[in-house]
Protein chains: 2
Amino acid sequence: MPTPTLAEVARHAGVTPATVSNVLRGRGRVGEATRERVLAAIAALGYRPHLPARALAEGRAPTMALMVPSIANPFYPEFALAVENALRNTGQFLIICNTDGDPVTGRAYLEQIAGTLSEGVLVTNANLDFDDLRRTESRGAPVVLCMWERPLEPPGLPCVAVDFRLAGELAARHLIELGHWRVGAIVGSKATGIHAARYEGFLDAMRAAGLDGAAAPTIFTPDTTQGGYAAARELLGRHPDLTALFTTNDLPALGAMQAAADLGFDVPRQLSVVGITDIQLASESRPALSTVAVPTAEAAGLAVKLLRELIAQTGRAAKERKAPREATVCVTSAPRLVVRASTARAPTA
Amino acid sequence: MPTPTLAEVARHAGVTPATVSNVLRGRGRVGEATRERVLAAIAALGYRPHLPARALAEGRAPTMALMVPSIANPFYPEFALAVENALRNTGQFLIICNTDGDPVTGRAYLEQIAGTLSEGVLVTNANLDFDDLRRTESRGAPVVLCMWERPLEPPGLPCVAVDFRLAGELAARHLIELGHWRVGAIVGSKATGIHAARYEGFLDAMRAAGLDGAAAPTIFTPDTTQGGYAAARELLGRHPDLTALFTTNDLPALGAMQAAADLGFDVPRQLSVVGITDIQLASESRPALSTVAVPTAEAAGLAVKLLRELIAQTGRAAKERKAPREATVCVTSAPRLVVRASTARAPTA
DNA sequence: ATGAAAGCGCTAACAA
DNA sequence: TTGTTAGCGCTTTCAT
């Protein structure tokens, strides 16, 4: 027996669909007696509301979309879990869109589901075209950038920002305080790419310590374990005297540690490695990775909150769509250093 | 300007909605001239079909649901990615349901979306109640168990089965062939739990080698890195003469390697460790984990395929719903051993 | 307090 | 070849 419809419940209870709908949503006045009868019918028939139909009638959409480059990249599942938790009990569900880092794939998703299946879109560094995102917005589906890296330079789209420059600075400062001054940098993006702010933080810290950060051996590489691995090999090969590696993300940091292990470097005795983010893996590696923890779960929660607010202002329900350009930037709490086993005092030359 | 409706496109093209619908789906004959006009109108207005409305009219649902205990557990994102890839271009999207291993949470998801938002349900070891699943089925939403561990003992629900007993046997045989005979076992479930078949494979291999597997020190522990870590510490503490650890899953294996490292054991020189599954992390650990690779991507593809077939037989479209009890068990190709750096010849006593 | 009716955006017979 | 008419399951005025 397929799920009964609201109409069948109504018939069973001897009322009209409107009444059933009313008891279901607590709208309109309903007599105590009939309410009970309706509730009984619902229970008896095992009625469950048809979400798409309800959404259609309400002019809403039953899901939110989360755009990620690849859910298999260890950062995103953690983020997705937090998003899903935030969504729980809102009556909306989470659709995962893997863009593969390809703007065309990303656009295809937006075209298909934004505003129809999904009421709003959460975007992580999925390499989407900003024009596509703005078009999505203008079609009525709010967009929130989930991990914007520069709180002071909003992107012109609603976002939740994390102070990644500070994260970079904290990581570098940690190294410096341990006495390191020959430190290499592994940046998980192009020079002007997504990790630039983190690298700037590194440079700031070096400068503050009277060191010439710009002279530090630096490699720009893909933001992956493999990228970090390759970069570390190259860095360590060319500059065997380095005592520490600054890395803009945990995955490359983990890769760098593997490279160090394969090269016979003792981490942290001969070489310190520090990352940024504090994904789960960071505490599970051996040696455990020292890193700068970033409030990802908090960011996920804020992103969902912001998205829902934007929807409330935009949707059919909105009285007047006020220009929301104001409060569309949330900033998370600050990153903080987590010292584990991959960093130690610089070896005295 | 919110997305235009099909009716607006029709008006713009000077035809009726039915005609637009026809050109959109290639049904019914449409004159070449009008088709062009309609296409032009679609392009001009930037029309995009409203997925829930379409699904409602078609009597389908616009998504598939994937039930996982936690998307943050490293195995599931890999599986989810494969599922999403298999779904791509089917016009359906993937909803992630984290059950947290809690049957009640799982039931809540099924109640809400199975058959309404989601046309079918893919289930991994999310610890769901089989009665709930059967009820879901009987309400018209097909269910597929995605990683059934015993091809020879189907569960009474459609499933794709992986020969995990064989996986366990291969892992154990590998150890035996390397000359290990004092091997401990770490099982990532209760004795009668999900990993029992893998453990049986271990016992089979031991027996075949004339060893008393039942006498092997064994610990049943949660299927996590931490579980493996704790189990290995205990095992190694009580039996410091063990030369190898058999593990029913990669995560506990990785945990066991960490424990070994913390205890000062040299892996693989003093201690070999082998896992099962071959998740990405397995090749990224140091030493890289020897393991038995299981065809997860293949399983994901088969699961989606099977689910779609079941839907085709069940849906409103089905001519006659034939009893599908027959072909509802897919078996993947066999697991295979992947030797990496965590296993070596047993040290000669 | 309840019912009647229209409509959300789309599809699918069936007519013309 | 195209248009007409219902209807998918639900919500929501507006009457009664």
Side-chain angles (χ1 to χ4, degrees), chain A residues 2-38 41-42 45-62 91 112-113 115-119 139-140 315-317, chain B residues 2-38 41-42 45-62 91 112-113 115-119 139-140 315-317:
Chain A
T3 297
T5 70
L6 190 153
E8 299 179 306
V9 173
R11 199 170 331 124
H12 191 97
V15 297
T16 61
T19 302
V20 177
S21 178
N22 280 338
V23 352
L24 240 25
R25 9 214 28 244
R27 320 267 292 220
R29 269 133 292 286
V30 181
E32 192 48 40
T34 38
R35 133 174 271 98
E36 306 243 305
R37 236 169 344 118
V38 168
I42 287 175
L45 269 51
Y47 169 78
R48 305 175 303 142
H50 191 288
L51 269 25
R54 173 178 282 185
L56 178 58
E58 284 178 325
R60 310 160 77 326
Q112 291 185 86
I113 68 179
T116 68
L117 219 205
S118 294
E119 197 170 15
R139 300 212 258 228
R316 205 170 71 171
Chain B
T3 296
T5 69
L6 188 152
E8 298 179 306
V9 172
R11 197 170 333 122
H12 191 98
V15 297
T16 63
T19 302
V20 176
S21 178
N22 280 337
V23 351
L24 240 24
R25 11 210 30 244
R27 320 267 290 223
R29 268 133 291 286
V30 181
E32 192 47 41
T34 38
R35 133 173 270 98
E36 305 243 305
R37 240 175 334 123
V38 168
I42 287 174
L45 267 44
Y47 169 79
R48 305 174 305 141
H50 191 288
L51 268 26
R54 173 177 282 187
L56 179 58
E58 285 178 323
R60 311 162 78 319
Q112 292 185 85
I113 68 179
T116 68
L117 220 206
S118 295
E119 197 170 14
R139 299 212 259 230
R316 205 171 69 172

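Quick note on labels: first sequence line is chain A, next is B, and so on, each numbered from 1. In what follows, every heavy atom counts, from backbone to side chain, and hydrogens, waters and symmetry copies are set aside.
- The CG atom of B:L6 sits 9.5 Å away from atom OG1 of B:T19, with the distance rounded to the nearest 0.5 Å.
- Proximity of A:R25 to the phosphate of D:dT12: a side-chain N or O atom is located under 4.0 Å from OP1 or OP2.
- Of the candidates C:dT11, D:dT2, D:dG9, C:dT11 carries the atom nearest the B:A57 side chain, counting heavy atoms from C-beta on.
- In this structure, the separation between CD on B:E58 and CZ on B:R25 is 4.5 Å, given to the nearest 0.5 Å.
- Between B:I113 and B:S118, the closest side-chain pair of non-hydrogen atoms falls below 4.5 Å.
- For the helix from C:dA1-D:dT16 to C:dA16-D:dT1, the rotation axes defined at the first and last 5 base pairs enclose an angle of 40°, given to the nearest 10°.
- Residues B:Y47 and B:L24 are in side-chain contact: their nearest non-hydrogen atoms beyond the backbone lie under 4.5 Å apart.
- Atom CG in B:N22 sits about 17 Å away from atom P in D:dT5, given to the nearest Å.
- In terms of phosphate contacts, B:R54 brings no side-chain nitrogen or oxygen within less than 4.0 Å of OP1 or OP2 of C:dG9.
- Remark: P of C:dA12 and CZ of B:R60 are 10 Å apart, rounded to the nearest angstrom.
- B:T116 comes within 4.0 angstrom of nothing in the nucleic acid, heavy atoms only.
- With a 4.5 Å cut-off on side-chain heavy atoms, A:R37 and A:T34 count as touching.
- The distance between atom CG of A:L51 and atom P of D:dC8, rounded to the nearest whole Å, is 19 Å.
- Picking from D:dT11, D:dT2, D:dT12 the nucleotide with the shortest atom distance to the side chain of A:L6 gives D:dT11.
- If you check D:dT4, C:dC8, C:dC10 against the side chain of B:A18, the one that comes closest is D:dT4.
- Nucleotide C:dC10 holds its P atom 13 Å from the CG atom of A:L117, rounded to whole Å.
- Residue-level contact check: A:T16 touches the bases, meaning some heavy atom is under 4.0 Å from a base atom.
- A donor-acceptor pair is defined here as one N or O able to donate and one able to accept, closer than 3.5 Å; such a pair exists between the side chain of B:E8 and the backbone of B:T5.
- Rounding to whole angstrom units, CZ of residue B:R35 and C1' of D:dT2 are separated by 14 Å.
- Looking at heavy-atom distances under 4.0 Å, A:P49 makes contact with sugar-phosphate atoms alone, never a base.
- When the side-chain nitrogen and oxygen atoms of A:R27 are compared with OP1 and OP2 of D:dT11, none of them lie within a distance under 4.0 Å.
- Comparing A:E32 and A:P17 by the nucleotide of DNA chain C that holds the closest heavy atom to each, the one mapping nearer the 5' end is A:E32.
- Candidate nucleotides D:dT12, C:dA12, C:dC8 were compared by shortest atom distance to the side chain of B:E58, and C:dA12 ranks first.
- Tested against A:V15 for a side chain to side chain contact (heavy atoms under 4.5 Å, CB included), the candidates A:V20, A:V9, A:N22, A:V23 yield a single pass: A:V20.
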Considering only nitrogen or oxygen atoms on both sides, find all protein atoms under 3.5 Å from nucleotides 14-16 of chain C and state each distance.
none

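- One interatomic measurement links the two molecules: CG of A:L24 to P of D:dG9, which rounds to 15 Å at whole-angstrom precision.
- Which of C:dG3, D:dT2, C:dC10 sits closest to the side chain of A:T19 comes down to C:dG3.
- Taken from CG in B:L117 to CG in A:L117, the straight-line distance is 7.0 Å, to the nearest 0.5 Å.
- The side chain of A:S21 lies closest to D:dT12, out of C:dT2, C:dC10, D:dT12.
- Here C:dG9 presents its C1' atom at 13 Å from CZ of B:R48, a figure rounded to the nearest Å.
- Residue A:T5 is in sugar-phosphate contact alone, with no base atom involved, counting any heavy-atom pair closer than 4.0 Å across all strands shown.
- Between B:T3 and A:T116, the closest side-chain pair of non-hydrogen atoms is not below 4.5 Å.
- Here the side chain of B:H50 is nearest to one of D:dC8, D:dT12, C:dC10, namely C:dC10.
- Using a 4.0 Å heavy-atom criterion, one finds that B:V15 contacts the sugar-phosphate atoms exclusively.
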